[in-house]
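Just below is one structure, and these are the notes that go with it.
Quantities reported herein were computed from a predicted structural model and do not represent experimental measurements. Computation of the quantities below employed the complete heavy-atom set of this structure, encompassing side-chain atoms and omitting hydrogens, waters and symmetry-equivalent molecules.
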Amino acid sequence: MSSTTPSPSNVQLISEALSDYTKQTGIDLTKNPFANRFQSCDSAEAISELLQDRATAFKSYRNENRNLIKCLYPIFQFIRVFSGTLRSGLVLVPFPPANAIFVGVDVLLEAVSGVSTSYDALIQIFDRVGNFLKRLQIYAEIPFTPPMTNIIVQIMVEILSVLALTTKEIKQGRLKKTVKKVFRESKIEAVLQKLARLTDEETRMAAALTLREVSVSNAKAAINDRKKSISSWLSPPDPSKNHVTARKDCHDGTTTWFVQGIFEEWRMTGSLLWVHGKPGSGKSVLCSTIIDAAKAVSDAESALTAYYYFDFRDTAKQDIRGLLTSLLTQLSTKSDRCSSILSDLYSRHDSGSQQPGDDALKQCLVEMLQLRDNPTIYIIVDALDECPNTPGVESPRAHVLKLVKELDSLRLTTLRLCVTSRFESDIIPNLEPLASHVVCLHEQDGQKEAISNYIEFVVNSDQWMKKGRIEDKQMVIDTLLPMADRMFRWVACQLEALRDCLPASLRDALRELPKTLDQTYERILQGIKPRNREFAHRLLQCITVAIRPLRLEELAEVLAIRFEAGKPPEYHSDWRLEDAQEAVILACSSLISVVSFKGSRIVEFSHFSVMEFFISDRLSPDFSLYRILPQPAHTILAQACLCALLRLDGQVDKHNMKDFPLSIYAAQHWVMHAQFENVSSNIQELMEHLFDPNKPHFATWVWIFNIDQPWDWVKHMSSERPTQPETPGLYYAALCGFQGILEHLIASCPQDINSKRGTHGAPLHAALIKGHFEIALM
């Protein structure tokens with residue numbers, strides 16, 4: 001029967017089949033107590049064994065019974081697989097079809113047990129039925145649909161008809177004829193043909209559904225692959241690290257005043273919320289709370305939330321491109337319509353073979369925000385002041401401020417934009433006129449109360465402070481709160497300093513508290529032992545200028561290098577401490593913090609104000625040796641990187657790279673440090689060692705990270721161990737713009753001057769493409 005032809009209800013169909021069985025055989029299957037045994041069978045094998053045991057009890061049991069039961073096995077498998085699936089749809093059927101078939105087989109075995117001449121015909125009949133049913137195995141792997149359920153019921157009904165007719169033929173002695181004659185003269189052949197048509201139709205339907213499932217699955221896989229390609233193409237910075245760190249610093253009750261008041265008002269009526277405060281006032285911690293509150297609203301109301309943290313520690317998080325790529329990726333992950341817009345941008349740039357400009361990224365974001373019927377979209381940006389305001393035509397921060405203005409000018413009722421920053425001269429005139437809500441943390445009573453709660457929490461929960469007398473703890477609270485000036489950072493530093501204070505000296509310690517953050521940091525520096533000051537300064541230099549946040553193991557390697565004026569640095573493996581964290585903290589005290597993120601321990605300044613302090617001219621004369629100037633800092637880290645690369649001999653391979661923690665960072669970033677101002681002239685001797693064609697160091701550097709093909713991560717360390725690159729070192733010197741080393745290589749390897757084995761062709765071409773025109777003129 002065609003699947004498009006309306007069929008009687010399944011309940012009626014099964015009832016009629018049972019009545020017809022009774023009419024053909026004189027047996028009422030519904031009254032057979034053996035049916036209850038079917039429910040205990042959890043497999044086709046269990047059904048076979050049960051019927052085999054049943055058959056041995058029949059009079060004149062023959063070996064042919066065993067063969068017949070084997071032929072019936074596909075029927076057992078069919079009814080076992082599909083009886084449970086059909087049960088929920090046939091709750092009105094008093095006697096399910098699977099039970100009827102089970103009892104019908106039992107009746108057939110009893111009827112045939114004494115008729116030896118019927119076996120050949122029965123085996124051929126049920127061989128054909130089994131072949132039909134074997135086609136349906138695919139059915140168990142795909143979801144059921146109503147049309148398929150109808151066909152399965154019809155197939156069961158026809159199987160019951162075959163059982164009824166063959167039982168009737170046996171009782172009347174007609175299966176003693178030849179098989180062909182039985183098929184020709186009885187109704188069995190007609191039923192078998194109908195069963196063939198049903199199984200053909202069902203198989204086609206199952207195949208079509210399977211193809212559809214495969215198509216849907218393939219389509220989803222293709223979409224996911226494309227999203228991964230787009231994410232790799234944009235390579236957005238990951239703000240979740242900042243969010244995790246900020247949330248960890250948030251204590252219960254310190255931000256409730258904001259969420260329950262200002263946040264709710266902004267969410268319902270506002271457009272741009274600007275939160276500003278002094279250094280150390282807890283803006284990032286508060287921002288993390290705003291993000292979590294927006295996420296909670298998004299989950300409840302199907303809104304969208306995207307966020308970003310500018311970060312003084314990470315150069316990738318200091319410009320508009322990092323902001324845009326991160327926001328676009330987050331929105332496209334949460335919205336199919338936004339994903340489609342980003343996918344179009346990817347296609348317009350030759351499927352990722354070209355990078356989009358900032359204007360293209362900005363337009364893509366605008367298109368997402370202007371989609372019709374958009375839900376509310378929360379965009380939350382923290383620490384705008386950590387986006388550099390460097391001199392120039394237009395600073396990175398100016399670009400971001402311009403973006404905020406453009407987004408606000410869209411006048412979108414669905415957009416909620418939040419920015420946190422310090423109260424700085426270039427930010428004030430850009431944000432203050434636009435903001436529907438302006439919050440100065442130093443004017444908020446809730447901020448003062450939050451700091452009071454924080455101090456009370458620490459003195460009553462810290463493992464050392466909580467042991468103190470109630471009077472002493474109250475004295476700490478009463479002293480710190482008026483001096484805090486609503487700055488969490490200042491309070492946190494003082495509490496850290498007071499942790500190991502004895503009761504006898506507590507009153508003096510509170511009387512001598514530093515009044516500002518600068519004085520606080522100088523007090524911390526005063527606590528560093530004189531013999532560790534040089535090492536501390538060196539580590540602080542590296543943290544300041546690192547291209548990306550350094551892992552603990554990477555930074556600890558610097559402590560194992562001897563730096564002497566006028567001499568190349570030397571690595572001393574016996575200087576390495578087993579506990580890298582202890583070594584770094586011992587040198588730098590509480591000025592830095594170690595943050596766990598995605599399986600790595602990252603070292604960073606404990607606060608933005610710490611780095612600002614070291615790079616400023618505010619250090620008093622007693623501590624001026626700690627001041628960090630850019631060129632000496634880049635020189636130290638460039639020397640450390642080259643020292644790490646020169647440690648790698650010809651025996652290095654993928655497996656022992658873990659024994660050289662700084663080598664990956666060094667291979668990827670030493671060039672950027674060397675390119676800073678006049679640093680390369682200070683590390684000429686080290687670079688000559690690296691580029692020496694008779695040593696393995698150059699090949700190892702290119703094997704770890706090929707700066708000529710920085711985008712091709714698949715090729716980085718693609719072989720088991722380094723191999724000599726085809727492109728000569730002279731090409732790389734021109735590519736990087738290192739005039740001194742280029743002159744050295746031209747003198748020692750003149751045959752490489754016109755080599756054209758680099759990505760950009762000859763060394764001259766590489767220099768021109770990278771803008772090193774003074775190199776091209778050599």
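The only option from Arg489, Gln447, Arg422 that meets the side chain to side chain contact (heavy atoms under 4.5 Å, CB included) definition with Ser281 turns out to be Gln447.
In this structure, the side chain of Ser284 does not engage the main chain of Ala246 through any donor-acceptor pair within 3.5 Å. In this structure, Asn430 contributes its side chain and Asp426 its backbone to a donor-acceptor pair below 3.5 Å.
Looking at every heavy atom in both residues, Asp319 comes nearest to Ala316 through OD1-O, 4.2 Å.
Within 6.0 Å of NZ in Lys770 there are 12 or fewer heavy atoms belonging to other residues, nucleotides or ligands. The neighbour count for Asp336 CG, taken as heavy atoms of other residues, nucleotides or ligands under 6.0 Å away, does not exceed 12.
The side-chain heavy atoms of Arg397 and Glu424, taken from C-beta on, include a pair separated by under 4.5 Å. Counting heavy atoms from C-beta outward, Phe613 and Leu517 have side chains that stay 4.5 Å or more apart. With a 4.5 Å cut-off on side-chain heavy atoms, Trp490 and Leu480 count as touching.
Inspection of the Asp238 and Ser240 side chains reveals an N or O donor paired with an N or O acceptor under 3.5 Å. Checked by atom type, the side-chain pair Ser395/Asn389 shows a donor-acceptor distance below 3.5 Å.
Scored by the ring-ring contact (aromatic ring centres under 6.0 Å, His included) test, His349 finds Trp233 as partners (sequence neighbours excluded).
Classification of the Phe423-Trp274 ring pair by plane angle, with boundaries at 30° and 60°, yields parallel.
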